Amino acid sequence: MTQKKKVAIFSFTCDEGCSIYLIEIFNYKLMEWLNKIELKYFLSMKDKVEIKDFDVVLVEGVISSEKELEDIKKIRDNTKVLIAMGTCAITGQPSGQRNNFTNEQKERIKGEIEKYKMLPKCLTLGEAVKVDDEIPGCPIDDKKFIEVFEKYLN
Amino acid sequence: MHTCDLDISINKLSKIEGHADLDITIRDGKVENVDLRVMENQRFFGEAVKGKSYNSVPQLVSRICGTCSIAHLTGCIEAVEKTLGIRPSAQTMLMRKLTMYSLMIRDHALHLYFFVLPDLYGVDSALDLADDKKELIHEALHVKESGNNLSNFIAGRAVHAPFEAVGGFSHIPDPAMKGGVIEELRSIRPFVLNLIKIFYDCPWKLERKTNFVALATDDFSFLEGVIKTSDADLIEEKDFWNHLHSVVVPYSQASGFEFEGREYMVGALARLNLNREKLHPDTKRDAAEYLKVFPSQNIYHNNLAQAIEILHSIDHAIELLENNDFVKEEIIKPERLSGEGVGVIEAPRGTLYYWLDIKDGKINYVNLVIPTAQNLINMREDIRQMVPEFIGQGEDAIRKEAEKIIRAYDPCMSCASHFLRINWI
């Protein structure tokens, strides 16, 4: 028997709509996938584990703080495949909406950006680290998710 | 007598929506401080909505939260309509009720099966139940899927529903699909009754006197009514803000709220305590034994209340679908393009309040009050009460109980972190 793929799902700055939608896809795919995957990290469903030795990682959201940038680099170093999940991770929008603010608006949020050590600009996943594949949609599309994810399960 | 000093920290609580940390400081056996900090990075919705057109802003605020996006969409639409003098048609209101029911079924089921059951059965994840309690996981997936299919049928999708809009729905449901949707809803009733029984039998107990607050709707449809409290206050939707004041939580991305100077609780338990006589007759018949539990001050009965609300959502949705056909309608246009208005609905986690100011069709500002922010102080007081009882069992027991209490509220940190620094004139 081949070994089960170690899969992890991480949420960075966003509404977590893609992982919620993924749980809807689980309604009809979870039992089948559990024969092929071991879900290692998914805070929406289980307690956290060490970030180490993943086969496939799905990431939603934009990278908006120094801490998040550090975390995503660590995740990248510990997975074979990294997939950007949803429009935020791929294009930076809508969760990176502050990137499009007027100068006046940027001035108004400056205090918080500094206080919480947020990056001057929200980054797409591809701007932060190397990305192997992507699943577009806001939230992700069922068919596209299944098509891309299943490529990495064999 | 236990006299000890403990500093308990939980970094990134799991099986809740969004990110939060918890610190409990115990000195000489007494709780000195409970800090529940929301650790979501700001996405600055308060700024992002400014200048956006009135009909695009509901889809924008839907992105505050993937979990309860339908609640934000619906609450914001109501506020826009009240502001601009739009009276939605009877069919639109009916479809909004069905959309809210689809959300309640999915969202409560996610919380109960995936977040709470692992604690009840002593495992880390619902996935660990896939061998031992395979039936229950199958039931969970079916219940969620039927809610998801009802969302698809009425509103186009469960997350960021595309058809629900200011003034009406952009699409009407396909009549050919209706029979299948009704049949599927009917098929999950036994599973939901099973779930209700599980939470009725659950021995967890933490009772503390608090004030419950909820919008009491005539048909328990989560949409329209008067705000009721367990202190017997009756408050119009538009006056709700006048009774609240915000409480700063240090180092958190969210502040809490008090109602008339005291902590309070919103959500399923508040709704069942204040409005259970309005549940659907079929729900009242089949859950009669379980409904005797209410009114209850046991926070863990929030789980039981959610399970009963799933049954009500199924029963009323079936009735509405069986007795109504949908016809194409025009989207209703605004009477005016400037003004201020309030929309209040019951989101899965409790009362959701939107206050808009619109000028020439563009958003000037939005203020919101989120259920989880209203429950933050209540959670803190519950944890404070729990600690002395468990202190003899050590740090791990306190940690586990604290997580269980927080999860009982089904908190949503993605929501709680927004719109909290608006300065009021």
Side-chain angles (χ1 to χ4, degrees), chain A residues 11-21 23-31 34 38-39 41-49 60-65 67-68 86 88 93-98 100-102 104-106 108-109 111-113 115-116 118-119 122 137-142, chain B residues 11-19 39-48 50-51 59-60 62-69 72 106-107 110 114-115 118 123-128 130 134 137-138 140-149 151 157-160 253 403 412-415 421:
Chain A
S11 300
F12 286 88
T13 300
C14 67
D15 71 354
E16 303 186 15
C18 289
S19 56
I20 291 298
Y21 201 72
I23 299 178
E24 297 297 344
I25 299 175
F26 279 174
N27 292 337
Y28 58 97
K29 292 297 275 187
L30 180 67
M31 289 308 187
L34 283 181
E38 189 187 342
L39 199 53
Y41 191 110
F42 190 10
L43 267 192
S44 299
M45 286 181 69
K46 55 189 283 150
D47 229 333
K48 52 204 167 288
V49 295
E60 65 175 341
V62 298
I63 306 299
S64 76
S65 67
K67 174 78 173 63
E68 285 190 339
C88 293
Q93 295 301 331
S95 289
Q97 54 199 6
R98 70 174 160 96
N100 301 332
F101 281 2
T102 61
E104 195 189 318
Q105 285 178 307
K106 282 180 181 157
R108 281 201 292 266
I109 64 168
E112 258 162 303
I113 298 282
K115 183 174 169 195
Y116 294 104
M118 295 175 92
L119 300 170
C122 296
C138 179
I140 44 168
D141 172 71
D142 296 48
Chain B
N11 176 247
K12 283 197 180 178
L13 293 156
S14 66
K15 286 162 280 180
I16 57 169
E17 312 294 347
H19 300 158
M39 301 310 283
E40 291 282 318
N41 282 320
Q42 284 283 344
R43 284 170 287 145
F44 305 100
F45 276 91
E47 277 301 324
K50 286 180 184 165
Q59 278 294 339
L60 198 154
S62 173
R63 267 76 185 172
I64 288 175
C65 176
T67 312
C68 51
S69 64
H72 283 280
R106 281 175 46 239
D107 199 348
L110 175 69
F114 287 83
F115 299 173
V123 294
D124 171 28
S125 162
L127 300 176
D128 302 329
K134 207 168 181 175
I137 296 305
H138 275 291
L141 299 175
H142 279 301
V143 171
K144 282 183 65 268
E145 188 161 29
S146 73
N148 190 40
N149 287 340
S151 293
R157 193 170 54 213
V159 177
H160 309 320
Q253 293 276 20
E403 288 208 44
C412 180
M413 303 305 171
S414 318
C415 283
R421 295 148 299 98

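Note that the coordinates shown come from a computational prediction; the quantities given were computed from them, not determined experimentally. Letters go in sequence order (proteins before strands), and every chain restarts at 1.
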Between B:H138 and A:M31 the two heavy atoms that sit nearest each other are CE1-CG, 4.0 Å
Engaged part of A:C88 at the chain B interface, taking heavy atoms whose separation is under 4.5 Å:
neither
Please walk me through it: do A:Q105 and B:F44 pass side chain to side chain contact (heavy atoms under 4.5 Å, CB included)?
CA-CA 10 Å; A:Q105 285 178 307; B:F44 305 100; over 6 Å; no
SG of B:C412 to CD of A:E16: how many Å apart, nearest 0.5 Å?
8.0 Å
Side chain to side chain contact (heavy atoms under 4.5 Å, CB included) between B:L110 and A:I20, worked out
CA-CA 9 Å; B:L110 175 69; A:I20 291 298; 3.8 Å; yes
Rounding to 0.5 Å, atoms CZ (A:F101) and NZ (B:K50) come to a distance of 9.0 Å
For A:C138 and B:R63, what are the C-alpha separation, side-chain angles and deciding distance, and is it a side chain to side chain contact (heavy atoms under 4.5 Å, CB included)?
CA-CA 9 Å; A:C138 179; B:R63 267 76 185 172; 3.2 Å; yes
Could you tell me whether the side chain of A:Q97 and the main chain of B:R43 form a donor-acceptor pair under 3.5 Å?
yes
About how many Å separate SG of A:C122 and CG of B:N41, when rounded to the nearest 0.5 Å?
8.5 Å
What distance do B:R106 atom CZ and A:N27 atom CG have between them, rounded to the nearest 0.5 Å?
9.0 Å
Can you tell me if B:K144 uses its side chain to pair, donor with acceptor, with the backbone of A:F26 under 3.5 Å?
no
Ranking A:S65, A:P94, A:C18, A:G61 by heavy-atom pairs under 4.5 Å to chain B gives rank one to A:S65
State plainly whether the residues A:R98 and B:E47 are in salt-bridge range, i.e. N to O under 4.0 Å.
no
When rounded to the nearest 0.5 Å, the distance separating CD1 of B:I137 from CG of A:L30 is 8.0 Å
Carefully, step by step, assess B:E145 and A:Y28 under the rule side chain to side chain contact (heavy atoms under 4.5 Å, CB included).
CA-CA 8 Å; B:E145 188 161 29; A:Y28 58 97; 3.7 Å; yes
So, A:D15 and B:H160: side-chain donor and acceptor under 3.5 Å apart, yes or no?
yes
Gap between atom CG of B:N148 and atom CD1 of A:I23 - 0.5 Å precision:
12.0 Å
